[in-house]
Amino acid sequence: QPEYLSENWETIAGAMKESLGSCQAGVTRSRLLCLEKIVPNLIMMLETKPKAFKGLSAFVGEVILSSKESNKKARESAFTLTVRIGHLLKDSKANISELPLLSKPDPTCRHPLVVE
């Protein structure tokens with residue numbers, strides 16, 4: 001539900017970020033399944049709330065790192081979600097050329113996937 005995500009974005013993003021550090025290795029695929037539901041709505045939010053990109057970039061970083069998981073299903077989910085994110089961004093009505101990560105990478109940034 002895009003409206004729910006938009007209205008409760010701070011709570012949802014906070015919970016996802018807070019739980020990342022305490023997650024056991026076996027829940028990576030479950031987190032990816034959760035992100036599969038959140039990310040498309042988050043990309044739709046970019047059209048009206050460009051600041052949502054900061055959350056998206058953090059989740060994209062997590063998805064990319066998950067492609068190195070030892071669990072085959074988690075790796076497959078991460079790869080599938082990475083491709084889906086690319087297609088969703090390409091098809092988005094948001095002006096992605098103005099997004100910080102996609103326009104000009106900052107060479108001084110320690111974590112290029114996370115806009116600081």
Side-chain angles (χ1 to χ4, degrees):
Q1 310 264 348
E3 300 85 27
Y4 180 82
L5 180 66
S6 182
E7 293 169 7
N8 298 288
W9 170 242
E10 296 295 325
T11 305
I12 294 168
M16 289 295 288
K17 289 176 186 175
E18 184 179 312
S19 65
L20 179 60
S22 61
C23 282
Q24 304 259 340
V27 299
T28 301
R29 185 160 189 275
S30 297
R31 283 183 63 84
L32 290 170
L33 292 174
C34 184
L35 289 174
E36 282 181 19
K37 303 296 182 192
I38 293 174
V39 168
N41 292 315
L42 186 57
I43 290 172
M44 287 187 343
M45 282 176 52
L46 289 174
E47 298 172 20
T48 56
K49 296 183 179 182
K51 290 186 177 188
F53 183 72
K54 186 173 183 179
L56 176 64
S57 64
F59 293 145
V60 168
E62 179 178 350
V63 172
I64 291 171
L65 290 175
S66 296
S67 67
K68 302 295 272 177
E69 282 291 316
S70 59
N71 181 299
K72 181 179 178 182
K73 288 184 180 182
R75 283 193 315 269
E76 289 172 351
S77 292
F79 179 74
T80 301
L81 185 53
T82 301
V83 171
R84 185 167 182 219
I85 290 169
H87 287 295
L88 288 169
L89 282 171
K90 181 180 149 218
D91 297 339
S92 171
K93 293 178 184 173
N95 189 357
I96 60 173
S97 64
E98 293 183 6
L99 298 175
L101 178 65
L102 301 177
S103 58
K104 296 179 244 172
D106 181 359
T108 64
C109 184
R110 291 180 296 132
H111 303 287
L113 294 175
V114 179
V115 178
E116 297 175 353

Review point. For Leu89, which of Val60, Ile43, Val39 qualifies under side chain to side chain contact (heavy atoms under 4.5 Å, CB included)?
Key: Ile43
Study note, to complete from the structure: Looking only at heavy atoms, the pair that brings Ser67 and Ala78 closest together is N-CB, 3.5 Å
Check your understanding: For the residue pair Leu35 and Pro40, what are the closest heavy atoms and their distance?
Key -> O-CD, 4.1 Å
Practice item. Return yes if some donor-acceptor pair links the side-chain N/O of Arg84 with the main-chain N/O of Glu36 below 3.5 Å, else return no. Key: yes
Revision key, fill the gap. Rounded to the nearest 0.5 angstrom, the CG-CE distance for Leu42 and Met45 is 5.5 Å
Check your understanding: Any idea which heavy atoms bring Ser77 and Leu32 closest together, and the distance?
Key -> CB-CD1, 3.9 Å
Study note, to complete from the structure: Contacts of Lys73 meeting side-chain contact (heavy atoms from CB on, under 4.5 Å) (sequence neighbours excluded), chain-then-number -> Arg29, Asn71
Exercise for review: Give me the other members of the hydrophobic cluster that Val83 sits in, counting Ile, Leu, Val, Met, Phe, Trp and Tyr linked by side-chain heavy atoms under 4.5 Å, directly or via other members.
Suggested key: Phe79
Review point. side-chain contact (heavy atoms from CB on, under 4.5 Å) with Lys72: which residues, sequence neighbours excluded?
Key: Arg75, Glu76
Point to revise | Results of side-chain contact (heavy atoms from CB on, under 4.5 Å) for Ile38 - residues two or more places apart only | key: Leu5, Trp9, Ile12, Met16, Cys34, Phe59
